[in-house]
Protein chains: 2
Amino acid sequence: VEFAGTHLIIDLWDVCRIDDPEHIEKSLCDAAVRAGATILSSDFHVFTPNNGVSGVIVLSESHISIHTWPERNFAAVDVFMCGAAKPHKTIEALQEAFSPSRIGLTEHRRGLSV
Amino acid sequence: VEFAGTHLIIDLWDVCRIDDPEHIEKSLCDAAVRAGATILSSDFHVFTPNNGVSGVIVLSESHISIHTWPERNFAAVDVFMCGAAKPHKTIEALQEAFSPSRIGLTEHRRGLSV
């Protein structure tokens, strides 16, 4: 058994402000910091015509990504962190930033040989 | 039910060339093209002292990420694609690039309300 890190798959429904790339980037950076992660770079793109946003923050501990569908009020996030970072702490930051009415969460423990 | 896209969580064991960032970036770009995806940007980082690599390719259709642990011969990949792209086609490219002896694959259909 070799544990590489925790990978959270987070679906957010009935969210707000997911067409605002500055808000999204700031919120994800805040989430990374709260989890104790170190940000190496971030890269965000906005799509037309719906103002969907795709963004990735590369961390020393792996990454956070988000893809948003404003026309459906849906956002797909994933948070992968190894080492001492605490990926579950990002969930509170996502709730504050996007006010989802419902969250779907799946956790993968990457690298475990079964 | 609103389907946003397919998200593959791919663990690769007993891999080769995962300390070579140029090979990794080229291979992931090749995987994206084979899947019919459009590359928007790519961002790769190398870590010391083990030459682990973290990289993300942002696509029009979402993203591909990789994090490698050369000292364990392990790589963690995820492939998220929406639209007409075919994410499973990346697996063949990953096999050719890194020659894993074993692959762990989990598929999430993001955005489906249950």
Side-chain angles (χ1 to χ4, degrees), chain A residues 1-15 38-48 52-69 71-83 101-102 104-114, chain B residues 1-15 38-48 52-69 71-83 101-102 104-114:
Chain A
V1 174
E2 296 188 291
F3 176 53
T6 299
H7 198 160
L8 304 180
I9 305 296
I10 307 169
D11 281 357
L12 303 172
W13 281 277
D14 304 322
V15 279
T38 301
I39 297 168
L40 296 179
S41 60
S42 77
D43 183 17
F44 281 73
H45 299 260
V46 182
F47 298 93
T48 52
V53 173
S54 278
V56 180
I57 297 175
V58 180
L59 308 169
S60 294
E61 296 81 5
S62 291
H63 75 265
I64 299 176
S65 81
I66 189 167
H67 305 283
T68 76
W69 282 261
E71 72 278 19
R72 303 180 188 183
N73 299 311
F74 175 74
V77 176
D78 77 311
V79 175
F80 185 9
M81 292 185 183
C82 58
S101 70
R102 192 156 58 89
L105 174 66
T106 308
E107 180 173 337
H108 292 271
R109 292 172 64 80
R110 305 294 300 268
L112 287 183
S113 300
V114 182
Chain B
V1 176
E2 296 188 291
F3 176 54
T6 299
H7 197 161
L8 304 180
I9 306 296
I10 307 170
D11 282 358
L12 304 172
W13 281 278
D14 303 322
V15 279
T38 301
I39 296 167
L40 296 180
S41 60
S42 77
D43 184 18
F44 281 72
H45 300 260
V46 182
F47 298 93
T48 52
V53 173
S54 279
V56 179
I57 298 175
V58 179
L59 308 169
S60 295
E61 295 82 5
S62 291
H63 75 265
I64 299 177
S65 82
I66 189 167
H67 305 282
T68 77
W69 283 261
E71 72 279 19
R72 304 181 190 182
N73 299 310
F74 174 75
V77 176
D78 76 309
V79 175
F80 185 10
M81 292 183 182
C82 57
S101 69
R102 194 157 57 89
L105 175 64
T106 307
E107 179 173 338
H108 291 271
R109 293 173 62 81
R110 305 293 302 266
L112 287 184
S113 300
V114 182

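Within every chain, numbering begins at 1; the chains are lettered A, B, ... in the order of the sequence lines, protein sequences first and strands thereafter.
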Part of A:H63 within contact of chain B (heavy atom distance under 4.5 Å): both

Sole residue of B:I10, B:L12, B:D11, B:V77 in side chain to side chain contact (heavy atoms under 4.5 Å, CB included) with B:L105: B:I10

Check: B:H108/B:T6 side-chain N/O donor and acceptor closer than 3.5 Å: no

Side chain / backbone / both / neither for A:S65 at chain B, heavy atoms under 4.5 Å: side chain

Those residues that, when tested against B:F74, pass ring-ring contact (aromatic ring centres under 6.0 Å, His included) (two or more places apart): B:W13, B:W69

Please list every donor-acceptor pair under 3.5 Å in which a side-chain atom of residues 53-61 of chain A meets a protein atom from a residue at least two apart or in another chain.
unit_1: A:S54; atom_1: OG; unit_2: A:H67; atom_2: ND1; d: 2.7
unit_1: A:E61; atom_1: OE1; unit_2: A:T38; atom_2: N; d: 2.9
unit_1: A:E61; atom_1: OE2; unit_2: A:T38; atom_2: N; d: 3.4

Contact winner vs chain B - A:A76, A:C82, A:S62, heavy-atom pairs under 4.5 Å: A:S62

Largest heavy-atom contact set with chain A, pairs under 4.5 Å, which of B:T106, B:I66, B:I9: B:I9

